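Quick notes on the structure that follows.
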Amino acid sequence: MPALSSVELAPDERLQVVATNTIVADVVRQVGGNRIQVTTLVGPGTDPHAFEPTPRDAAALADADVVFANGAGLEIFLEDLLQSAGGDVPVVPVSHGLELHQLRDVVHGRDEEGAEDDAPANGESDPHTWFDPNNVIVWSHNIERALSALDPESDTAYSANAEAYRSQLVALDVWIERQVALVDESERKLVSDHDVLSYFAERYGFEQAGAVLPGFSTLSEPSARDLAALQSAIRAWDVKAIFVGQTANPDIAKRVADDAGVALVALYTGSLSGPDGPAADYLSLMRYDVTAIVQALR
Ligand SMILES: [Zn+2]
């Protein structure tokens, strides 16, 4: 975490905050409330792994008091972008302090040999920390600490906002536990477009039977052998559905699902929906995804 010192703010001036993606932006807003002005780099419906920043993003960064990033290796574009912005804006990785899942820890139906040969080029640890609300509780503490350091005059407001939001995250966790209890333990098997659900799987007692794209990023490509191994894992594990993010290219996943005769189910993974969609904020995203997973597997 960077050392943060307080920013001089005029009485009617708000902290200028950049968030790298819509999920981080939502949680930052929950803590910052109306005392901060948030600009989001990777907008709704955009794959956070494949993002290409524009000069406008560099300008937003140059004007910012702070950048909140997911961290954990998600924002591979950020270092170059910070450099081209030319400033020395501090970056707070909201996942700071979390124990990250490593690729070797992810249980898979893929055969060992294949998994080893096809180690992904970018990202050895799972950046999708938001798929466990308990991790987002850690985010909220990191955000609260950072905002309070930058704007100490509002620290009681930030603490109160964060505390209220954390009680909603605890309620979400309880709700998810009740929902997944509707799925028989033997049916708690996940195949996704890339390895996006390891924190969810660990928290709620699911196994990851496989992924269409090997690894934690959508930027990897499956080999013919990967796909064959996935097909046999789907059969061997008697998997009912493949879960795909709205931002990933669904073509290969659709072919695998068609070949295996299993359902293709859309989730929100790396981005919120637009404000009028069913995943307009983080809590809605999780409720949407859990409902879809439970409906597909029960
Ligand atoms: Zn992802």
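What you see is a predicted model, and the numbers here were worked out from it, not measured in a lab. Order of appearance sets the numbers: ligands from 1, and atoms from 1 within every ligand.
- A donor-acceptor contact shorter than 3.5 Å is absent between the side chain of Ser284 and the backbone of Ala279.
- The number of heavy atoms from other shown groups lying within 6.0 Å of CG (Asp88) does not exceed 12.
- Contacts classified as salt bridge (Lys or Arg N to Asp or Glu O under 4.0 Å) and involving residues 159-181 (residues at least two apart or in different chains) are given here: Glu144-Arg166, Glu163-Arg166, Asp173-Arg203, Glu177-Arg203.
- Using a 4.0 Å cut-off between charged nitrogen and carboxylate oxygen, Asp258 and Lys254 count as a salt-bridge pair.
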Test Gln231 against Val256 for side-chain contact (heavy atoms from CB on, under 4.5 Å), laying out the working first.
CA-CA 7 Å; Gln231 293 280 12; Val256 173; 4.0 Å; yes
Can Asn21 and Phe68 be said to form a side-chain contact (heavy atoms from CB on, under 4.5 Å), step by step?
CA-CA 9 Å; Asn21 68 57; Phe68 287 98; over 6 Å; no
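- Excluding waters, the set of protein N/O/S atoms under 2.8 Å from the Zn ion (ligand 1) reads His49 NE2, His128 NE2, His194 NE2.
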